[in-house]
Every structure is written in structure tokens, then in C-alpha cells.
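Residue numbers start from 1 in every chain, and the chains themselves are labelled A, B, ... in the order their sequence lines are given, proteins ahead of strands.
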Amino acid sequence: MNEVRSLYRPQEFEAKWQAAWATQGLYDTHEDLHRPKWYALTMLPYPSGELHVGHWYAMIPSDTAARYKRMQGYNVFFPIGFDAFGLPAENAAIKHGADPRQWTYNNIQNFRRQLRQMGAMWAWDREIVTCDPDYYKWSQWFFLRMLEEDLAYREYATVDWCPGCNTTLAREQVWGEDRHCERCETPVIKRDLEQWKFRITRYAEELLAALPELEWADSVRTMQTHWIGRSEGAQVTFHTEAGDPIEIFTTRPDTLWGATFMVLAPEHPLVAKVTTSDRQAAVEAYVAQAAQLQEEERGNPEKTKTGEFTGSYAVNPVNAAHIPIWIADYVMMGYGTGAIMAVPGHDARDLEFARKFDLAVLRVITGPDGATGPIEETWSSQTEGAMCNSGHFDGTPVDGAGPKVTAWLEDTGKGRAHVNYRLHDWLISRQRMWGTPIPIVYCPDCGVVPVPYEDLPVRLPEETHVQASGENALLHTPSFRETACPRCQGPAQRETDTMDTFMCSSWYQYGYIEPYRKKGEPLSRDDRPWDPKAGQYWLPVDQYTGGIEHATMHLLYTRFFTKALRDLGVVDFDEPMLRLFNQGMILGPDGEKMSKSRDNVVDPDQVVAAYGADVVRGYLMFIGPWDQGGPWDPQRIEGIRRFLQRFWTVANAADKDGAGSGDARGLERKLHATIRKVTEDLDHFRFNTAISALMELNNDLMKALPTQLQGTALWNEAVDTMCLLMAPLFPHLSEEIWFRRGHAGSVHLQSWPEFDSAKVKRDRINIVVQVNGKVRATLKVEADLSETSLREEALAHPNVQAHRADKPLRKVIVVPGKLVNLVV
RNA sequence: GGGAAGGUGGCGAAACGGUAGACGCAGCGGACUUAAAAUCCGCCGAGGUGACACUCGUGUGGGUUCGAAUCCCACCCUUCCUACCA
């Protein structure tokens, strides 16, 4: 067979099919109540300058999964949009004098072109752009509704400020040991500012409790669990000798009797009041120094303890002991009450502090043997030993002592059970112009006035007065800033802070749903952002995919937002995304994270031009398990290209010129085994092994090509079925082949093939014979051979006899269809 | 300090407790070609053999089992997250 084989040239047909699908509206959205729905969602991209292979890695497998669901009969909704507010646009404006709006929309234009090259089945008819006023008016509407419910509030507090980005940050956007800005990596500093916050802490318990029901990776759920940081204990009120109450939180109320001093955070509001005049200079110096210190140094556990005595004493409510009040930076204002009782007998940090400043140490828990032991190291075991030096609690086993002490504290009014969370309310104010304006007006007479619903959206000004200093341009745009008070019509000023962009992405999955109001229509309080009937059909999201870096940011915020919307009566479910899959990260060819500075960035446009979209798609899914990521290997992409070439060869083979009969039964078996394998793999997002299975089938077809099997009904069934199995993974190639093989209609409108388990079974099977667990022979036998005959055949095998060496059989294990193990 | 995910050929990786290394990359040999590319066929864990046989082999050490990459215990290493959290 020396016919000239035609070459697979994807460049000749990929664009053609992309255009055809768009013209046919193949992927347009239709709410069809008679078909089961499947809402597949991939985290929407931020339109930076260029599309990255990382975007391909995030989007292609999820497109494949969505296409697969569609062929299985689901009405699949797979929307796309752009998370278009954010700092890079503003930075480009500052750096190059570009208009942030222009810059963003140009990028979106470019992204759309690059995204279309992927051949994904996105519902472009439902595209959203978060910087579009018709989108952000709803963010403002949500803000106003949340304000009504006391879920949004304004507070003067110490906040994290990024000097690089010139704005405040949410606690979630402060990363790492050195507490740097998530965006620009500048270490953050503390500032006291009046800022808007969302009361996410109201949902702390529910956000935590609902985690086990979600089909999310354990890693993300544990990260959220830790982030929420629930700890049970007691809040206890100490008093200064002067009578001022000091609240402390402890997870170990059973160690209350061991408190030998107290420590306040340097920022604690009582510090000035409790400091005696002789200690004032030293305390003030310490407070000033702590304020200057980078959190980096403060937060470092290796650092030796520092602190100052305030000169005052507190009274321990449980035993009336008078104990000194210190300030020290190892106590954080942001956790608990910012004040602790120090129990050096049972806490390593308190012990270190006590040693350094020569403070008293007292054991109030005995060891398991009753001894109190040396104070070399603390023991904080919850389960061993008993209380001592603790009044009438002496002898109480430590296991379970906490709740007993707490109950007594409540009875005697000294304290109460308390659950403390590490989670902070979500600070949403940003001192940036390229974001959703916060719909608030400050009136000298009426105070803080919400913008009326019918006046939404509060639009960003057309003209921006970008400040080289990086300061918020809205402050310097009088046409925006100066306004009339909605209440008294007097002169007033708009809020110039904008919302955290995580606000935009907290509800975007709902923004894709058919809108209830036409663009530009005025809003009212009782309005709805989307058509309730369409929402009822599509929501919630069935399958969400995206990077794990959002574990404690976006993925937490959107859960909060959904619960808040539920309580506002906007949605009737509790969780936004039922299943979540986190893909890994694609690395540069050198195994390092792709970055311009390392010069290891792979440009998807170039690779697509060289190989076509299907090869790139296949390569990315073949690298390995999707959640694992891995380096981009320019050599291995050839493997996928060869595979598609070979499928092309098989599928386009015209003439039957075979010699030899070929193994029809073998091919049929392989075909059905492949359907089963690919189905199972796609169900579990195992794209790499699905492709391997398709390669195996194709290898068998290649082998059958020169035989008389080629051109038979079975052959054609195998090629067509393989084409269907390939369709979600390689949409262009399979469409082209489907068309060339003379089928009417798109391959993407076909049903997913089903396998026949009877045809998967083999007639003759290989049985492994082991002697004492070691393989000594393989037998090819009839599949339905009886156990007795199998045993006989196994024993008759010469190599088995050699290893058995006439020793008596102690046991024979027969695993049907698999193996025989002879124990001698 | 706490947590999560990992550790299998030269490389990426497969493997319901049942023949470890499917599939692919690289490499080697061959066919085709003036030649190269492309394409096609074959070999490909280590030791050992003419070829078999056989021995070793899934981070380390134990355990459970007829049988362990897989289950259990202890430890080592890598990556990521988190952290003076009271």
C-alpha cells in the first residue's frame, strides 16, 4: 500500500469550522425546560495584554468536559466574560497616558480574537464585561440592598494599606510571612481609615458548616476552614484595680488560675488609660516602635519577645490574684480581643515572655502521673492530667474541664462561652478610579446618603484625570465628585472609593443569566438582576473550574455573596458552585513559572499557527492529570500532532487494498472497551488517559488498515465512533472528518456513543499463574474455563512444575479471569 | 509549629489489593528517499543470557495479606498553603 497519504493540515479547516459554528449559532443559549441543564463555568479571565497558555490550560479541559456533557444530552450553559476592572488598566494610564477604558476594551477585543481560536463552545451571546455600566449597576444595587440589611457598613479602623498600589486591601489580599500585597508584592502597612466593609463574619458559621457538603477538593475546603479559623473557648472579663474591664478570649478556660500576668496588644484602646505616669515614657516609646515595625518582624515567631510593663495591675476574676498588665507585640489586635491572660505554666509564648521579664510561673495542671513537673517546657495537653491550684476545680480531669469551667464562669457572671473566628469582615473600599463606584453621597447636612435605586448606575466619568502620584483620579474629577444630596438637594460629595474587584466576580455567575431588565432601563429596589425563570432553570453552577489561588478570596466571597443574596430573597439556594475542580499550573519549558523576566513564556498564537488549535488542546490535556499541571515541553506536542495525523490517515483511507483477514472480533472488542474507558475518564476529568485510550484504538486501526477489515461495516463503525469520542477533545478535526465521511449535521449535535459490555468481554483471556505470589507462567485460555480445568492447566505448566518442585500444595487461590496463585 | 498534595524508567506519566511501567517524548535499529524532513515498521527499567530461565526494582524501615506502587504504622524528602491565633 503505497498510496499517497493525505496530510493533516488543521490550518486549512479550523477557521472554517469556527466561522460555521458561529453562523449556525451552534453554541447559542436556549432555556429548554424539557432538557436537563448543566451549568459549566470557568473562572472568567482578566483581560491583560495578551492571552497566555495558562488561559488555554484553564479553559480547554473545561470546554472538553462541557462538550462531553452536551453530547450526553444535557442542555449545557458554558458562558464567558471579562473581569475588566482592576489596577493594570489604571497603571497603564499612569505609565503610558492611556485611557483605562480604552486600554481595557482594546485588550478585550484582542482576548476575544485569541479566545475564539480555541474553538471552545462558549455562549458568546451571554458575554459579560464587568466594567460595563449595565453590569456594575447591579453591583451597586447589591451594595444598597446589603446596606439596608446591615450587611454593608462603614467603619473607622486600622486597615492594611499597600503603598505600591496606593489603596487599602482586604485581609485576604495580604499574603505571605512578610505580609505583602497580593498584586504588587509590596509589604503592606497599617493605616487608620474610614472604610466600607461587608459583614461576611455573620456567615462564618454557615460558611464553615456547609463545606463538607460541597464536592470540592479537600485542599480548598481545609484552606477555607483554616481561614475562617473557628475556635471554641470563653470570653472572660478581668478588671484593672481601678475597675476598668478587660475582655480576654481563651481556648483554655481551665488554665485561668495559672494566669500570672496580662498582655495587651500595643494598639489596645486601654493602653493609655492603664499606663501609670512613671511608665508612660517607656510605654509610649514601645507603642510608637511597634507601630513602625513591619508586620514581618512582628509576626515572626523566631523573634525574641519584647514588651513593657504598664504599671497597672488587674484582678483575676477566678481567684482575685493581682497580676501585672504588660503590653507586647506578640499579642495581635486583630485576633480575639487584643488582650490575653498569660499562663506561662501552660503556654510556650507566655513562658518565654515570663522568663525574659522574670514574671511568676504557676502550674495549674498536673501531669498524667499527678506530678507537676519542671517548668522546662509547657504542657498544654488537653487530655492528660488533672487541675490543681484551681480552687474547687482541683482534681478535675483536664479532658472536658474547659466546658465545666466555662459553665461555672457563666453561672457566676465572670465570663461566657465564646466562639472566636479568625475571619474578618470583608473590606471592599479601594482608593482607585477603575472600579465600580460605591453608590454613596456624603452630605454636610444629611450625612451618609445612599444613592436612590432609580439613579443607578453611578457612572464613572468619561474623562479621567489620572494622577502621576497614583492617587485616585476620582478625587480630582469634580464632575464626578461634586453632586447634589439625593435627600436635601444641597451640595454634596460622592464617595470616590470604588469597590474591590472581587465584588464583580462574586456574582458574575448570575450576571450571565438572561437579564430581567433591558440595557439602560432604570432600576428599583424590588427589581431583579436576572430573569427569575431563567435563573430557576440554570442555577446554581453545576461544575466550576479554576485556579486554586482563589481558595480564600474569590471562592469564599462568592459563597458569602450567595448566602447574602439568599437572605435578600434573590436566590433560593445556599451555595453558588456545587462542584469545583482546580487545575494545576502550566510551567515554562524550564520547569519554572512562566514570566517575562525569565523569558520562558509560550505564546499561544504562535503555537496555534504552527500546530493548529486541536493539537494544542490535545497536548495540554495529555501533559498529565489536570490538577497537577506541569512544564510545557515543545517536543512532546509532536506526539499529539502525530496522533492526529494518524487518525487523519485512518479516517481518510479510501481504498480497501488489504491482504490478510484482520482480527474483527479484536477490533470490535477494542472499540467498545475504548468507549467505556473514554466515558469513565471524561466523567472524572481524566483527559490524559482518555487520550491514551483513543491512541490505543487508533493504533489498532492503523494495524488493521492494510487488512481486509478496512472498509467493512465494522471498520466504518469504529472510525465514526472514534470520531464521536474525539469530538469533545478535538472539535475541529472531528467535525472535518465527520463532514468528509459524508454525515449530515455537525458532529457536535450527535449523541455520545454507548458501549455494549458483552462486546467488551474477551473470548480467550490471559491467566497469570503464580507460585508463592511470584509470576511463573501465563496461560491463554477460554474465558469460561472452569476453575478445576484452570487449576489443572496451571499445575501442568512446565515452569510452574519446576518452581513447585514437588512440594505439597497448601492452598490455591483462583481469581476468576485474572490469576491462579499456588501456595506450596 | 499546624495543614494539604506529592515521591514509580533518561523524561511526562499508567496501573478496581492480582503480569509494574499502558500511552507518549527522547534514544536506538530498519523501510521509503540522491539526501534530509515527513511517513511507516521494530526495540527500549537494571543485572543476567546466544536466547530463555532467573535476580533486583515504585523515597526509607516495619506490618497486614496467598499476593502491596496501592491498605496500616513510623520516618525522610519535595511543592504549596497557613502561622507569636491566645
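Counting non-hydrogen atoms under 4.0 angstrom, A:N699 reaches the backbone sugars and phosphates but no base. A:V768 comes within 4.0 angstrom of a base, heavy atoms only. Among the atoms of the strands shown, none is found under 4.0 Å from any heavy atom of A:P631. Among the protein residues, A:R810 comes within range of no part of the nucleic acid, since none of its heavy atoms lies under 4.0 Å from any strand.
A donor N or O paired with an acceptor N or O is not found under 3.5 Å between the base of B:G24 and the side-chain atoms of A:E638.
Pairing for B:A83 is absent, judged as Watson-Crick or G-U wobble with the two contacts each under 3.5 Å. Searching all strands for a Watson-Crick or G-U wobble partner of B:C40 with both distances below 3.5 Å returns B:G30. Under the Watson-Crick or G-U wobble criterion, with both distances below 3.5 Å, B:C56 is paired with B:G45. Shown here, B:U78 forms a base pair with B:A5; the pair counts as Watson-Crick or G-U wobble because both key distances fall under 3.5 Å.
Few gaps surround NZ on A:K356; more than 12 heavy atoms of other groups in view lie less than 6.0 Å from it.
One C1' atom belongs to B:U33, the other to B:C40, and the distance between them is 13 Å to the nearest Å.
A distance below 6.0 Å separates the ring centres of A:F261 and A:F353.
With no hydrogens or angles considered, no side-chain donor-acceptor pair links A:S231 and A:N420 at under 3.5 Å. If you check the side chains of A:N766 and A:T778, you find no donor sitting under 3.5 Å from an acceptor.
Closest approach to the A:S692 side chain among B:G18, B:C40, B:C23 is made by B:C23 (side chain taken as heavy atoms from C-beta onward). Comparing B:A86, B:A26, B:G12 by their closest approach to the side chain of A:R349 singles out B:A86.
Here B:G61 is in the anti range [glycosidic angle more than 90° from 0].
Ring geometry for A:W632 versus A:Y619: interplanar angle over 60°, hence perpendicular rather than tilted (30 to 60°).
Between A:R776 atom CZ and B:C54 atom C1' the separation is 8 Å, expressed in whole Å. In this structure, the OH atom of A:Y330 is 13 Å from the P atom of B:A86, given to the nearest Å.
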